[in-house]
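See below for the structure under consideration.
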Protein chains: 2
Amino acid sequence: MAKYVDIAKQLKSKILKGEYTSEVPLPDQISLAVIFKTSRVTIQKALDLLINEGLIYSKQGSGTYVKQNINLLSKFDFTIDQYVGTTELMRGHTVTSDVIDYDVRLPQPKEQENLNLAFSDAVYDFYRLRIVDDVPWKMEHSIMPVKVVPGLNQGVLKHSIYRYMRADLGETIGAAYRIIRAAQPNAYDRRYLSATSDTPMLEVEQIVSLADGTPFEYSFTRNRYDEGSIVVYHPERPML
Amino acid sequence: MAKYVDIAKQLKSKILKGEYTSEVPLPDQISLAVIFKTSRVTIQKALDLLINEGLIYSKQGSGTYVKQNINLLSKFDFTIDQYVGTTELMRGHTVTSDVIDYDVRLPQPKEQENLNLAFSDAVYDFYRLRIVDDVPWKMEHSIMPVKVVPGLNQGVLKHSIYRYMRADLGETIGAAYRIIRAAQPNAYDRRYLSATSDTPMLEVEQIVSLADGTPFEYSFTRNRYDEGSIVVYHPERPML
DNA sequence: CAGTGGTCTAGACCACTAA
DNA sequence: TAGTGGTCTAGACCACTGT
């Protein structure tokens with residue numbers, strides 16, 4: 001574990017425990033360097049992680065402060081700052097999956113492009129109804145390349161794909177592109193999520209990649225408008 | 001302008017011009033340091049910016065590569081990786097605003113909390129219909145504190161608030177929290193955006209802050225489901 | 001094994017804030 | 001003016017990839 005990640009974890013833990021508040025700045029970077037027996041640059045890398053999570057902010061010439069309003073999330077809101085699957089996101093709840101449909105086939109042109117595949121690279125194509133605490137919650141339609149995620153059988157699908165990839169395949173999940181939109185309900189929404197013709201749906205289309213840049217998931221996830229929203233934090237960044 | 005930002009801009013420009021492709025890695029960090037007459041750490045900070053924009057990725061022991069699929073955005077999609085107002089986002093199009101409603105009043109409790117205000121700090125409360133190329137596009141409902149954004153009259157509202165803040169007030173826009181959801185159409189949607197009872201709406205609730213952490217905007221922006229979606233990129237980050 | 005990115009150091013100077 | 005964060009350097013060692 002890199003030292004700056006470790007320091008960021010310790011600082012985050014202190015912030016969440018309320019040991020640093022928004023009243024008073026954190027210790028300055030040089031003091032932190034002394035406290036953690038490291039250099040100032042390493043402290044800055046640690047603080048950068050917390051800034052990117054929206055936990056703190058720095059003000060040149062003044063200090064580093066804890067942000068207020070760190071908690072706007074309601075129960076089924078869906079944070080996607082770092083990628084974890086539904087199973088992990090809903091820790092403390094019972095998450096199960098009904099596999100509605102499962103197929104292995106050749107990819108369509110759009111899938112070839114988004115997943116960077118040859119026309120002859122087979123893909124899984126499956127629908128899963130994600131159920132939280134026995135209540136149907138989201139409908140997922142996923143396309144994943146067989147060569148990138150081998151051994152993805154229905155047993156794995158009933159549980160957690162992400163856990164399987166990390167634990168069994170030893171892969172590290174990396175970046176994700178997401179397109180978020182509202183949509184009219186389709187036949188699956190009506191059948192499995194109790195949507196009617198005037199129930200707005202929230203849809204997330206996403207391409208998720210491994211740490212080395214290989215895309216491994218192209219999926220569409222939908223839920224009723226009253227069953228969850230998406231929370232995004234955007235730190236300040238220089239315009240390029 | 002910081003050197004690493006400048007380098008990032010130059011590299012981005014080369015990537016967009018196709019001078020670096022996904023076939024061949026970028027020059028290694030030491031070569032880049034020589035080319036730009038700087039140190040390796042500065043090169044790394046520049047590359048970090050491009051990684052966070054999703055333009056490139058690095059693979060330890062191998063090299064730094066340009067990502068493929070850099071273009072999934074359709075005309076009215078709405079990227080929010082770095083914050084710019086609608087006016088700037090839609091460069092090349094004619095953006096105008098009808099001010100539907102304008103009021104100055106005391107803040108409600110939720111607004112006090114989200115904007116970090118005392119009960120006696122007045123806020124602007126206004127609705128704007130944003131019109132692109134003469135077509136009604138989005139309905140914005142904004143609450144902004146008078147003390148943070150003084151002089152926000154209807155003349156400014158007709159044009160660009162963000163331009164006013166940057167150019168006239170000299171402020172730097174910083175981070176933003178956003179909650180994205182689907183919603184049923186309300187009276188404004190029906191009246192101004194031609195929504196009917198079965199037209200799903202996409203709503204973005206956001207708190208935007210200045211660079212120094214002061215929140216200055218609490219707003220709700222809505223558009224029809226078929227008039228734009230939101231694109232988000234999430235780089236890989238260590239879990240804290 | 002050579003080449004690459006990831007991390008870390010000790011120190012320097014600058015830009016900005018606040019008293 | 002003292003204290004703080006922002007940037008930058010020159011160099012070191014480690015972890016990983018690919019041959």
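A note on names: the letters A, B, ... follow the listed sequences, proteins ahead of strands, and every chain is numbered from 1.
Among B:Ile161, B:Asp125, B:Val123, B:Leu115, the one residue that satisfies the side-chain contact (heavy atoms from CB on, under 4.5 Å) test with B:Met144 is B:Ile161.
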### Task
Under the side chain to side chain donor-acceptor pair (under 3.5 Å) rule, what do B:Asp6 and B:Gln10 come out as? Steps first, then yes or no, please.
CA-CA 6 Å; B:Asp6 190 51; B:Gln10 294 185 46; 3.1 Å; yes
#### Entry: Full working for side chain to side chain donor-acceptor pair (under 3.5 Å) between A:Tyr218 and A:Glu205
CA-CA 7 Å; A:Tyr218 179 46; A:Glu205 175 180 355; 2.7 Å; yes
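Looking at residues 36-44 of chain B, you'll see B:Lys37, B:Thr38, B:Ser39, B:Arg40, B:Val41, B:Thr42 sit with a heavy atom under 4.0 Å from some atom of DNA chain D.
Salt-bridge formation is not detected for the pair B:Arg237/A:Glu53: no Lys NZ or Arg NE/NH1/NH2 atom is positioned less than 4.0 Å from an Asp or Glu carboxylate oxygen.
The separation between A:Leu32 atom CG and D:dG3 atom P is 17 Å, rounded to whole Å.
Below 30°, between 30° and 60°, or above 60°: for A:Tyr127 and A:His141 the angle between ring planes is below 30°, a parallel geometry. Ring planes of B:Tyr177 and A:Tyr233: tilted class, angle from 30 to 60°.
Toward the 5' end of DNA chain C, the nearer of the two residues A:Met1 and B:Leu47, judged by each one's closest nucleotide, is B:Leu47.
Listed by first and then second residue, the ring-ring contact (aromatic ring centres under 6.0 Å, His included) pairs involving residues 35-68 of chain A are A:Tyr57-A:Tyr65 (not counting sequence neighbours). Screening residues 167-176 of chain B for salt bridge (charged side-chain N to carboxylate O under 4.0 Å, His left out), with sequence neighbours left out, gives no hits.
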Set out, line by line, the N/O atom pairs under 3.5 Å between protein and nucleotides 17-19 of chain D.
from	atom 1	to	atom 2	distance (Å)
D:dT17	O4'	B:Gly61	O	3.3

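Side chain of B:Glu113 to backbone of B:Lys110: no donor-acceptor contact under 3.5 angstrom is found.
When DNA chain C is scanned 5' to 3' for any atom under 4.0 Å from a heavy atom of chain B, the first and last hits are C:dG3 to C:dC8.
Residues passing the side-chain hydrogen bond (donor to acceptor under 3.5 Å, both in side chains) test with B:Asp121 are B:Lys147, sequence neighbours excluded.
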